[in-house]
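Okay, so here's the structure we're looking at.
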Amino acid sequence: MNQQRPPFVDAHFHLWDHGVLRYPWLDDAANAAIAGDYRIADYRAELAAWNLVGAVHVDAGAHPDQGADETVWLNRVADADELPSGVVARVELDHPAVEPQLAWQAAHPRVKGIRHLINWHPSDATRRAYDRDLTRDPRWREGYALLGRYGLSYDFHGFPPQLAGLAEIAGAHPEVPVILNHLALPIPADGLEEWRAGLAAFAAMPHAAIKLSGAGFVGPRFDPAGFADIVAEVIDRFGTRRVMVATNFPTDRLAADLDRTLGAYETLLGEYSDDERRDLWGRNANRIYRLDLDL
């Protein structure tokens, strides 16, 4: 552990164990490099040099029927290991039984928020989890509106064309903290106009935050020079109190190994003050996800 590094609360990581849950997306040959079991001991070993003091597990794409099973399993893991410190669980916000599912998840103190991965792209069918943009779906919006009743935040994983729809419902519900995953997935090859417009809309909402993660997928290869300006723009808009460094491991291993990934972020954030870096690397995640760690 490097004590010179700020205490790190990883705002976004995953575990998977094929003996416990089913992960259909990991059957894709393109994901072979990360498809093997990834347990808490594996994660801790990779983070050994990064002053890890806490971590937020975000739904790992288990079978849609296993959102509750994942929470039960993660609580067992945390009881034994103290990690994860918090959980962002899977609930489909357009599900007919969304309210009892939210109530069940919220009854588990480690569950801090919900992610319903709703990827949709207007012109690229390979980037669609659904055949329509759920941010504009009335039933989905009804589910989103329930999150505040149960003290839950919402983690958004989707593409820039969806940011305008999400901003409408997020703006109407300031009681629901909303967290944009992976820099809000800017894709320079698509153009950045919708991304920038969405970024501006969310930066204007005090209850919105964003994760510095997934940067390796901005371009066709891991190139810090290629995403440095995007990271700088995100921090310029949101400030150093609403950006959270996250590994997104093991998924981000598809772009680069962990030390190279976090090393790139460390270099890009080196210009900030010690106090600002403590916020970016740990205190923001602790506050936004309500982890109550002593930092």
Side-chain angles (χ1 to χ4, degrees), residues 2 5-6 8-16 23 25-26 28-36 38 42-52 55-58 60-61 115 117 119 121 124 126-127 155-160 179-192 194-196 198-199 210-238 240 243-272 277 280-282 284-285:
N2 186 331
R5 287 177 167 147
F8 181 31
V9 180
D10 187 352
H12 194 119
F13 85 107
H14 305 293
L15 300 174
W16 39 78
Y23 304 90
W25 71 282
L26 289 175
D28 188 326
N31 297 322
I34 60 168
Y38 190 75
D42 303 311
Y43 174 73
R44 280 194 176 277
E46 287 206 278
L47 272 292
W50 289 94
N51 201 5
L52 183 72
V56 177
H57 185 282
V58 179
R115 183 170 81 159
L117 194 150
N119 293 9
H121 193 276
D124 186 350
T126 67
R127 287 189 258 173
D155 262 58
F156 173 71
H157 187 294
F159 290 105
I179 298 123
L180 305 179
N181 291 181
H182 313 328
L183 300 166
L185 294 182
I187 310 292
D190 289 350
L192 295 176
E194 288 177 304
W195 176 75
R196 287 200 167 101
L199 215 63
I210 191 168
K211 295 179 185 179
L212 169 46
S213 56
F217 299 104
V218 168
R221 60 188 179 86
F222 189 87
D223 179 15
F227 56 73
D229 288 347
I230 283 173
V231 171
E233 185 170 350
V234 164
I235 297 175
D236 183 60
R237 288 189 181 274
F238 280 82
T240 56
V243 178
M244 300 176 278
V245 176
T247 63
N248 190 35
F249 258 64
T251 309
D252 272 21
R253 195 191 322 284
L254 293 170
D257 66 40
L258 187 136
D259 287 337
R260 189 178 176 205
T261 299
L262 290 186
Y265 300 163
E266 185 174 55
T267 298
L268 293 176
L269 300 177
E271 66 185 72
Y272 294 95
R277 288 188 299 109
L280 292 160
W281 283 91
N284 293 346

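Note that the structure is a prediction, hence the values are computed from the model and not measured. Positions are given from 1 along the sequence.
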W50 and D259: side-chain hydrogen bond (donor to acceptor under 3.5 Å, both in side chains), yes or no, with the steps? CA-CA 9 Å; W50 289 94; D259 287 337; 2.8 Å; yes
side-chain contact (heavy atoms from CB on, under 4.5 Å) assessment of L185 paired with L180: CA-CA 9 Å; L185 294 182; L180 305 179; over 6 Å; no
Before you tell me yes or no, could you show the steps for T261 and D252 under side-chain hydrogen bond (donor to acceptor under 3.5 Å, both in side chains), namely the whole-Å CA-CA distance, both residues' side-chain angles and the distance that decides it to 0.1 Å? CA-CA 8 Å; T261 299; D252 272 21; 5.6 Å; no
Dump the intermediate steps for side-chain contact (heavy atoms from CB on, under 4.5 Å) on W195 and E233, then the final yes or no. CA-CA 11 Å; W195 176 75; E233 185 170 350; 3.7 Å; yes
Please test R277 against E271 for salt bridge (charged side-chain N to carboxylate O under 4.0 Å, His left out), starting from the C-alpha separation and ending with a verdict. CA-CA 9 Å; R277 288 188 299 109; E271 66 185 72; over 6 Å; no
For salt bridge (charged side-chain N to carboxylate O under 4.0 Å, His left out), just list the numbers for R260 and D257, CA-CA rounded to whole Å, side-chain angles, deciding distance to a tenth of an Å, and then say yes or no. CA-CA 5 Å; R260 189 178 176 205; D257 66 40; over 6 Å; no
For the pair F13 and N248, evaluate side-chain contact (heavy atoms from CB on, under 4.5 Å) and give the outcome as yes or no after the intermediate values. CA-CA 5 Å; F13 85 107; N248 190 35; over 6 Å; no
side-chain contact (heavy atoms from CB on, under 4.5 Å) between L262 and W281, intermediate numbers included: CA-CA 10 Å; L262 290 186; W281 283 91; 4.2 Å; yes
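Annotation: the span from L254 atom CG to I34 atom CD1 amounts to 4.0 Å, rounded to 0.5 Å. F156 CZ to I179 CD1: the interatomic distance, rounded to the nearest 0.5 Å, is 13.0 Å. Distance check, rounded to the nearest 0.5 Å: CG of N51 to CZ of R5 gives 9.0 Å. Between D10 atom CG and L258 atom CG the span is 8.0 Å, to the nearest 0.5 Å. With rounding to the nearest 0.5 angstrom, the CZ atom of R127 is 10.0 Å from the CG atom of N119.
For H12 and H182, the ring centers sit closer than 6.0 Å to each other. Between H14 and Y38, the distance separating the two ring centers is not shorter than 6.0 angstrom. Taking the six-membered ring for Trp and the full ring otherwise, F249 and Y43 have centroids separated by 6.0 Å or more.
Scanning both residues, G36 and W16, for their nearest heavy atoms gives O-NE1, 3.0 Å. The two residues T251 and F217 have their closest heavy-atom pair at O-CZ, 3.9 Å. Of all heavy-atom pairs between A11 and A285, the closest is CB-CB, 4.1 Å. Across all their heavy atoms, P188 and V218 have their closest contact at CD-O, 3.2 Å. Shown here for F227 and A264, the closest heavy-atom pair between the two residues is CZ-CB, 4.2 Å. D28 and A30 get closest at one heavy-atom pair: OD1-N, 2.9 Å.
For the pair L212 and L280, the minimum side-chain heavy-atom distance is 4.5 Å or more. Inter-residue side-chain proximity for V243 and V231 is flagged as unmet; no heavy-atom pair is nearer than 4.5 Å. Side-chain contact between T247 and E46: absent, with no pair of heavy atoms (C-beta onward) separated by less than 4.5 Å. Counting heavy atoms from C-beta on, the side chains of N31 and W25 come closer than 4.5 Å. Taking 4.5 Å as the limit, some side-chain heavy atom of L199 sits within range of a side-chain heavy atom of I210.
The main-chain N or O of L15 is found under 3.5 Å from a side-chain atom of H57 such that the two form a donor-acceptor pair. Counting only distance, with no hydrogens or angles, the side chain of N284 and the backbone of M244 share no donor-acceptor pair below 3.5 Å.
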